Amino acid sequence: MESIATFMSQLLLIWQRCKISFYAFVSLVFLCLLAYNGATIFCVDVPFPAKTPPSFLPEQVAGKSTTLSTLPSLTKLSSTARHSVQKERSNSNLSTLLPLLHKNQNMVVSTNRTTLYRPKSRRIYKNVIKILQSEAVKKQFGVRVMKFFKGDSSDSSCKFRFFMTWISSAESFGDRELLCVESLFKTHPNGCLIIVSSSLDSPIGMQILRPFSDKGFKVTATSPDFNYLLKNTAAEAWYNQLKRGNVNPGEISLGQNLSNLLRIGLLYRFGGIYLDTDVVVLKSFSELRNAIGAQTKDLTTGNWSRLNNAVMIFDKGHPLLREFIEEFALTFDGNRWGHNGPYLVSRVVARMSGRPGFNLTVLPPLAFYPVDWNRIGSLFEGPRSLSHSKWMIAKLRQIRSQSFAVHLWNKQSREFKVEKGSIIQHIMFSSSSVIRNSSSLMVFQA
């Protein structure tokens with residue numbers, strides 16, 4: 001009997017130990033599940049952004065001639081010609097070319113993705129649109145522009161219509177930009193300048209531009225209205241999709257790409273001259289009409305190999321401008337630097353080259369881009385040696401005789417200081433006497 005009691009007590013002890021182990025095992029399983037669940041909730045997937053190239057990526061675009069012509073309207077092209085143009089473009093329709101907007105604009109995503117998702121937040125996208133467009137004044141955009149250009153009965157109309165765009169804050173519109181505006185009015189005192197910018201279309205913006213208006217120069221800032229500019233164009237539907245968040249902006253700044261669209265829309269609706277805010281004007285554009293500048297040329301053939309959209313002169317409603325707008329909407333790619341800007345105009349002009357009726361002049365690189373982006377630093381350097389001084393004198397003489405303007409390539413040169421005796425210093429002395437003394441701009445940074 002005693003042995004049985006001992007046996008039972010031992011059996012009970014084993015059961016209790018097994019029971020404890022069982023509960024411990026179950027608890028361990030629950031802890032693991034809890035840890036896994038917590039990891040899936042709090043773990044943040046941080047994308048590693050691809051490096052944005054500091055320069056244009058090479059594309060196979062080349063020009064065969066410097067003078068082109070086009071038909072008055074694309075709708076009058078023959079069906080065969082129209083088909084050939086469309087065949088060169090993407091065969092995908094607009095809806096498949098525009099993936100949904102991603103929350104993180106710096107995220108690198110493929111434009112060929114078929115699986116789309118709607119972002120949880122569009123705050124970044126809305127901020128970009130807010131910078132570019134003010135709802136309070138956009139409905140008056142067309143009226144404001146035409147009223148400014150026509151003036152009143154006591155004011156003569158503008159002989160030259162200039163446009164600039166500015167997508168940064170008003171406070172960042174600094175000495176470099178003011179120098180470019182000064183150079184514009186020194187060479188075109190009877191010109192009119194509209195800076196299309198929501199930030200400058202403000203009391204502080206008017207204060208920045210007041211020194212020019214006080215001297216009698218016609219300059220103003222106004223917020224853009226994309227709906228007005230893009231109405232009845234291929235980009236109208238694209239922009240509506242963008243506002244709904246149905247366009248993938250890619251890793252390149254959306255503001256930068258919208259600026260590319262804005263400048264061609266402005267010229268299409270109003271005609272005139274577009275300038276980047278880092279272009280110093282050296283002489284009058286009075287002899288230029290329907291012209292664009294080559295950035296580089298083929299040394300073997302002498303033909304242009306790449307155009308740039310930092311300076312463009314076009315008549316109102318020019319067919320090439322409509323082609324630019326259509327190309328933007330059909331081939332938009334926010335992941336390739338320059339694709340929607342310089343490369344876009346290069347693609348379209350190369351494709352339309354040789355067609356009867358075109359009246360486009362492609363100017364050589366010296367016209368606006370006497371130094372390419374990767375050598376812009378040479379214009380900011382002072383003399384280093386006798387041979388260097390001789391080169392600087394020859395280069396300055398060449399620029400003054402053959403260049404209409406100098407593009408400063410702001411992205412590459414904004415950290416450079418103007419050294420004493422440099423080519424840029426000489427250009428500044430001859431370009432900035434309209435409002436201020438040149439010595440006040442001896443050193444400037446964007």
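Remember, it's a predicted structure, so these values are computed and weren't measured experimentally.
Residues Ser223 and Val196 share a closest heavy-atom pair of C-CG1, 4.5 Å. When all heavy atoms of Gln295 and Trp409 are compared, the pair lying nearest together is CD-CH2, 3.5 Å.
Classification of Arg144 and Asp201 as a salt-bridged pair holds, one side-chain N sitting under 4.0 Å from a carboxylate O. With respect to Lys411 and Asp278, no salt bridge is recorded, no charged nitrogen being found less than 4.0 Å from a carboxylate O.
Between the Trp166 side chain and the Ser168 main chain, a donor and an acceptor come within less than 3.5 Å of each other. Counting only distance, with no hydrogens or angles, the side chain of His339 and the backbone of Thr331 share a donor-acceptor pair below 3.5 Å. Under a 3.5 Å cut-off, the side chain of Ser353 and the backbone N or O of Val349 do not form any donor-acceptor pair. Counting only distance, with no hydrogens or angles, the side chain of Asp225 and the backbone of Asn227 share a donor-acceptor pair below 3.5 Å. Distance alone, capped at 3.5 Å, places no donor-acceptor pair between the Lys297 side chain and the Pro365 backbone.
Screening residues 396-406 for side chain to side chain donor-acceptor pair (under 3.5 Å) gives Lys395-Gln398 as the qualifying pairs, with residues at least two apart or on separate chains.
Residues satisfying the ring pair (Phe, Tyr, Trp, His ring centres under 6.0 Å) criterion with Phe328, sequence neighbours excluded, are Trp238, Phe332. Considering only residues two or more places apart in sequence or on other chains, Phe314 meets the ring pair (Phe, Tyr, Trp, His ring centres under 6.0 Å) condition with His318. For Asn290, the side chain to side chain donor-acceptor pair (under 3.5 Å) partners at least two apart in sequence or on another chain are Asp315. Residues passing the side chain to side chain donor-acceptor pair (under 3.5 Å) test with Tyr268, sequence neighbours excluded: Arg322.
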Please tabulate, one pair per line, all N/O donor-acceptor pairs under 3.5 Å involving side-chain atoms of residues 375-383, not counting sequence neighbours.
| unit_1 | atom_1 | unit_2 | atom_2 | d |
| --- | --- | --- | --- | --- |
| Ser378 | OG | Arg375 | O | 2.6 |

